[in-house]
Amino acid sequence: MIGGLFIYNHKGEVLISRVYRDDIGRNAVDAFRVNVIHARQQVRSPVNNIARTSFFHVKRSNIWLAAVTKQNVNAAMVFEFLYKMCDVMTAYFGKISEENIKNNFVLIYELLDEILDFGYPQNSETGALKTFITQQGIKSQHHTKEEQSQITSQVTGQIGWRREGIKYRRNELFLDVLESVNLLMSPQGQVLSAHVSGRVVMKSYLSGMPECKFGMNDKIIIDKQGKGGTTTTDEAGKSSGKQAIAIDDCTFHQCVRLSKFDTERSISFIPPDGEYELMRYRTTKDIILPFRVIPLVREVGRTKLEVKVVIKSNFKPSLLAQKIEVRIPTPLNTSGVQVICMKGKAKYKASENAIVWKIKRMAGMKESQISAEIELLPTNDKKKWARPPISMNFEVPFAPSGLKVRYLKVFEPKLNYSDHDVIKWVRYIGRSGIYETRC
Amino acid sequence: MPAVSKGDGMRGLAVFISDIRNCKSKEAEIKRINKELANIRSKFKGDKALDGYSKKKYVCKLLFIFLLGHDIDFGHMEAVNLLSSNKYTEKQIGYLFISVLVNSNSELIRLINNAIKNDLSSRNPTFMCLALHCIANVGSREMAEAFAGEIPRILVAGDTMDSVKQSAALCLLRLYKTCPDLVLMGEWTSRVVHLLNDQHMGVVTAAISLITCLSQKNPDEFKTCVSLAVSRLSRIVSSASTDLQDYTYYFVPAPWLSCKLLRLLQCYPPPEDGAVKGRLVECLETILNKAQEPPKSKKVQHSNAKNAILFEAIALIIHYDSEPNLLVRACNQLGQFLQHRETNLRYLALESMCTLASSEFSHEAVKTHIETVINALKTERDVSVRQRAADLLYAMCDRSNAKQIVAEMLSYLETADYSIREEMVLKVAILAEKYAVDYSWYVDTILNLIRIAGDYVSEEVWYRVIQIVINRDDVQGYAAKTVFEALQAPACHENMVKVGGYILGEFGNLIAGDPRSSPLVQFNLLHSKFHLCSVPTRALLLSAYIKFINLFPETKSTIQEVLRCDSQIRNSDVELQQRAVEYLKLSSIASTDVLATVLEEMPPFPERESSILAKLKKKKGPGAVSVELEDGKREGGELNGGGERGDTPAMSASNASTPSPSADLLGLRPAPAVGSAPPSVGSLLVDVFSEGPAAASAGVNDDGFLSSAPPPAASEEPAPPLPEAEDLLNKFVCKNNGVLFENQLLQIGIKSEYRQNLGRMYLFYGNKTSVQFVSFSTAVSCPGELPTQLNLQTKTVEPLIEGGAQVQQVVNIECLTDFIDAPLLNIKFRYGGALQNITLKLPVTINKFFQPTEMVSQEFFQRWKQLSQPQQEAQKIFKSGHGIDTEVVKAKLLGLGTALLENVDPNPENFVCAGVIQTKGQQVGCLLRLEPNAQAQPGEQMYRLTLRSSKDTVSKRICDLLSEQF
C-alpha cells in the first residue's frame, strides 16, 4: 500500500509531504529529489526503485507528485490514484501549480487525510468529497444538518457516489464524447500506426436516484441485438452494421454495473451528481483521419533546404476544424528561414527548432500549403539530420472513431418525471493526440 | 577605446546566463538555449564580418552552453580566428574554447597549430603563456608531435621570462606524460638540470617536477641533478623563514619545493661524493631538529607544511637505509607522532613506521613502541588507522615478541572491523607459523583463530595447519587432543569440523587410549556435526569415517551402519553418494591388510612456501608486503593439491600422473583419445586430476578439429571436403590414432599401421545419437592423379548403424609412388529422414611410409653432401606456434616416422633425422635437419627446417607437412 505522498516544485523543494506508514522515513523525500528530480540524466521511468523503496511519480506542469511505498503494490492502482488525486485537486482549486498548491496547503492535507487511510485509497469521488470537505471557495451546497449526517451512510453505503434526496427543477443531462486521434504516417502516405482514445464525459443534474441506460454504436452490442431481435430485417442489420464501430477496450466509471455489461452488454448505471467520466475506450480500426499531411523536403546543397507541406482536410465540407497548428521541425544548424503560406500565419520558432504554422479555422475537403526555405550553417559535424516527423494539432466537431450515441435513457420510478422530460445535450469533440507524418 | 570598455562587460553573456539561471524547468532552459544557438548561427552566418568583441561574446556563450552539457558543432572557426587577435581577452577566450572543445579535426588542428606557433615565437610573455597552457590542456599526440621540439628551446633559452619558463616546464611535463617517445631531451638534458640553480623559485619548482618525471625513466642521464638538488635543499633548509619572502608559507620556507627536492632524491641511491652526502645528512638532521622546535605559529597550515617536509625527509632516510643514527632519530620522531592529537599524523606515523620496521638499523627502535601501537589498535576510532596499526604490528613482529603480538591480534580480532578481518586472520596465521617455537602453541593459536573468526579463515589457513600437523610427529597427539576438545563446544565453525575431521581421521588413535575420547566417542562427536555441514565438509567427514574403520576396527559396524543409511547411500549429491557407496564396499570387501595399505597415514607434504603468504600477497597487491619475505620467493605454492589429496585418502595411490611426452604426441592439449572416459564417472578421479581430462569430450572441438557445425547441406553428390579438412590432415601427420571427425551425430575414430609401402587403416564410425542411421555408405576416392600413386581398397560397411553403436571399416593402402594429395572419404547416411553427406580427407601422407634409418655423424654428413643439388633440398623458416619444447619436438619427429639421430649435429640444440620412404616403385632416402633458436623471446622463436632427399617432390612435400607441425 502507499506509504506516503510527496509533492515537489520544479526545484525539488517539498511542498506537501504526507506519510501514511512508518516504514517511510524522512530520507525518502530526499532520495527522490536526489535520484529523480536532480538526477544527472533525465529520468524517464515513472517508477523508480531507490534503496528498496518504490517511487511512482507523475508530473503536472512543473509539479512532481510522488507516491512512495516499501511494499510490492499494484503500480496501476497507484497511478490511478495519482491521476485521481490530480483530478480532485483540479476540481477544488483549478490548475495544479506551485502557487495554487501553496495557497491550498491546508485543503490538500485535509483531502489527503480523506482519500487515503493508512495508505489504502478510499473515496476519491469529487462530488462526494465536496459535500464534506469545504475549504475557501468551495461552499457546501447542502448546508442542512440532516444532509451532513447522511454522509456517513452514503460513503459507506452501496451507492457511495450519490446521495439520496437530490432535487432539480429542470432535469438536465450533458454528454460529451471527447476523443484524441493518434497517427504516425510514412512520407508516402501509408498509415504506420493509428488509434483513437476517447472518453465519454457526463454532467448530470437529475433528481432522485435515476437509473440510466447508455447506448452507442458498438459492434458487439448491435450484433447482439440483431441476433436477439427476431423481427429485425436484413437491411436493418446491414445499415447498423455499417456504422458500428469495434471498440478494442474500455473502462467504466465505478457506477456502471459491470455484471450487466458482461451479460447483456448494456451500460446501465445510477449516475453521480455533477460531472464525471462515464467511460474510456480505445479503437484502432476504421479511423477517420481528419487531416492528411503531404511533406516535400529537398536538400539544395549543403547550406540550403526547401520544405513544402500540403495539408488536406478530409471530412464533411459543412464542418469546421479549429485551432489547427502544423509544426515542421528544422535542422539543428538552421541559420535563417523564409516562409510563405497561403492561409493562416507561420513563424520560425528558434527556441523550439521548428516552423509553426497556425490556421484558425478550416472547412472540410479543403487544402492549404506552406513552403519554406531554410538556410543552414555548415558544421564540422558529420552527423546527418535525423528528420523528425511533422506534427499537427487540431480540433474537429465529430468523433474520429465513428462513435455515435444512440440513446441515453433515464428511468426514475419513484419520482414523477419520465425520460422525455429530461433535457439532453450531446457534443462530439475530436482532438489530435500525437498526429505525426514523417518527412 | 569603446571596444575595451565593452569587452569588460559582455552584457549579452551576463544576460544570457542570468536568463538560464532563472529558468523554471529543464524545458524552459532548453528553449532558451535553442533560441540563443539560432541567434548565434544567424550571426555567424551573416555575410558581414563580426568584430572581435561580438565574436568573443558568442564564442563565450557557446562555451557556456557546452559546459551546460549540450553539443556544440559549430563556432570552431570563429574561435580559431580569435587566436590571431591582438587583444588578450579575445585570445584568451579563443584558447579557452580550443582547449575545452577541440577534437582531432584535421583542418582545424593545422590552423590552431599555426596560431600557437605564432604566439610561441611572439616574444610576448602573456601570449606565450596562453599558447603553452593550451598545448598542455589539450595534451594530445598531435600537439606533442607539433611542439615537442619547440618547447625545450623556450625552456632553456636565456632570454625567456621566468613565468614563461614555468609554463614551459609544466607543459613539457604534460607532453612527456602523454607521449614519452616524442619528447626527447638529449642535448637539453644538462641545461634543464641546471634550471635547479635558477634564481626564480617558481621556475625551480616547475622544473623539478619535470626532472623527477624524466629521471624516473632515465636516471643515469639526470644523475647530475643530485648534487644540485642537495645544495638547493640545504640553502632552503638553512635559510631563515624570512629569507625567501614570497615563497615562505606560514613561516616554513618553500615547503612544496623542499618536498619535491626530497622526492627527487628518493629516485637515486645515496650520493657517493662524501661532501655532498655530508651536506645532505646535515640537511636531514636540520629538518629533524626543526621538528623538535616549538611551532612558530598555532595555525594548522604551519604544522602541515612542516610535517610534510618531515615525512618526505623520513621517507628519504628510509629509502637510503644507511644512516643508523638518522633512522633511529626518525623512528623516535614518529614515535612522538603516534600519540599526537591529529588522526592523520598518527596514520602517517604508523605507515612510515611500517617501512622503518623492515630496516635492520631501526627494527629494534620500532619495537620499543609496541605498547603504543597495541594501544592504537585497541582504542583508535578510525578504521584506517587501526588497519595501519595492525600492519605495523605485523611488520615489527619477530621471535621475541611474537607471542605477545599474536595474542594481541587475536584478542583484537574479536572486535575487529569486518573489512580487515580476513587480512588479520591471514596475518595471524602467518606470524604464528613463522615464529612458532613450539608447535603446540601454533596449533592452539590457529584453532583459536578458527573459533574466533571462522568465517574469515580461508581454505589456505586450515590446509596449512593440517600440513604442519602431518609433517611434525611431535604435535600430532597434542593436535588430536586439542581438536577433540574444541569440537566438544556446542557450536563450532565448519572449518573447525574440517580440521577436526581430518586430524582425528589421521591421528585419532593417539588419543584413543583415554576412555573419555575412545574411538566411539570420537566418532559420535564428529558425526553429531555431520548434519550441520556443507557438502564438501561432509565428503571430508566420510573420508574420515573410512579412516576410522582402519584405525579402530571396533567402530566398523557403527560406521557401516551410517554409510548404509539412505541419507548417505542415496544422497542426492553425487559426490557424497559415491563416497558412501565406495567406502561401504571398500570396508566390507577389503581385508584388513588392504584397508591398512589403502588408508595408510598421509605421507608428509613437501615443504614449500606457505600458501597463506601467497594469498596475502595477492590480497595486498604486489610490493605492499615486501617486508616479511626473507625466505625464497617460490611462486605457485598452491596447496590445493595437498588438501585435496588428503580429502580422498582412498585414491592417494592414483595421484595425478604427469602427462608424458607421449600424451603430448596426440596433440598438444588433453588428447581426445585419452579422454574417452565420460566425465560423470570420474567424479572421484576429478578430485585427483582436478584439471584432468574431465572436459576431454569437449576438447575434440576445442582442438580446432572441427567446429561443431551442423552437417553440411544434404545432397546425393559427395559433399566438397570440409574446410577444416586440411588442418585435420596436419593433425595426423605425426600420429596414427585419434578422432578424425566429430559432430552432434557422428564420431569417426581412426587407427592405422604402416609397414614398408603398405598400410592398413581402421575407421570406426560411432553413432552418437539414440536413433539408427539408415543407408549408411562410405566411399574412398582418389582425386587427380592420386590413383596412379596410391592404391586403396575398402570393404563395404553395414548400411545400418544402431543408436549408440559403432561399426568398423578397414582400408588397405598401398603406396605406388610418392604423392601429395590425400584420398577423400565420403560418408552418406540418413538420420531421421535427412540425408547427411560428409567428405573428409583421409590422413594418409607420404611420411607414413617412412622407414627409420640409424646412422652415425660421419655417414650422415657424407650423405647430406651427396644430396647437394638445389632441387633436392627444400628449406623453410617459420615461426614456432607453441614455443620450443625439446621433448615435444622429439616426440613429433619420432611420430613422423624417421629415426632421430643423437650426437650427430655439432650443435646439440639441432635435431637431425634420417629415414627412407618405401614406395612400390622406388625407395627415397630422406635427411632432415631442424634448427630452433630457443634463446629468442617467446613468441619470436623460429625454426629452420631443411630437407634433402633424392627426389625433389618428396623433399618439398615432407617439408610442407612438417612445417605445419610446430
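Here is how names work: the chains are called A, B, and so on, in the same order as the sequence lines, proteins then strands, and each is numbered from 1.
- Annotation for B/R32: atom CZ counts as buried by contact number, over 12 foreign heavy atoms lying within 6.0 Å.
- Of the two parts of A/N333, the backbone and the side chain both hold a non-hydrogen atom closer than 4.5 Å to a non-hydrogen atom of chain B.
- A/L184 CG: more than 12 foreign heavy atoms inside a 6.0 Å radius.
- Note on B/R41, B/K35, B/E27, B/M77: by heavy-atom pairs under 4.5 Å with chain A, the leading option is B/R41.
- Around the NZ atom of A/K358, the shell of radius 6.0 Å holds no more than 12 heavy atoms that belong to other residues, nucleotides or ligands.
- With a 6.0 Å radius and a threshold of 12 heavy atoms from other residues, nucleotides or ligands, A/K343 has its NZ atom above the threshold.
- Scanning both residues, A/A350 and B/A38, for their nearest heavy atoms gives CB-CB, 3.2 Å.
- Heavy atoms from other residues, nucleotides or ligands lying under 6.0 Å from CD1 of A/I340 number 12 at most.
- Interatomic distance, B/K45 NZ to A/E375 CD, rounded to the nearest 0.5 Å: 5.5 Å.
- Of all the listed residues (A/N62, A/L332, A/L376, A/T334), the one sharing the greatest number of non-hydrogen pairs under 4.5 Å with chain B is A/T334.
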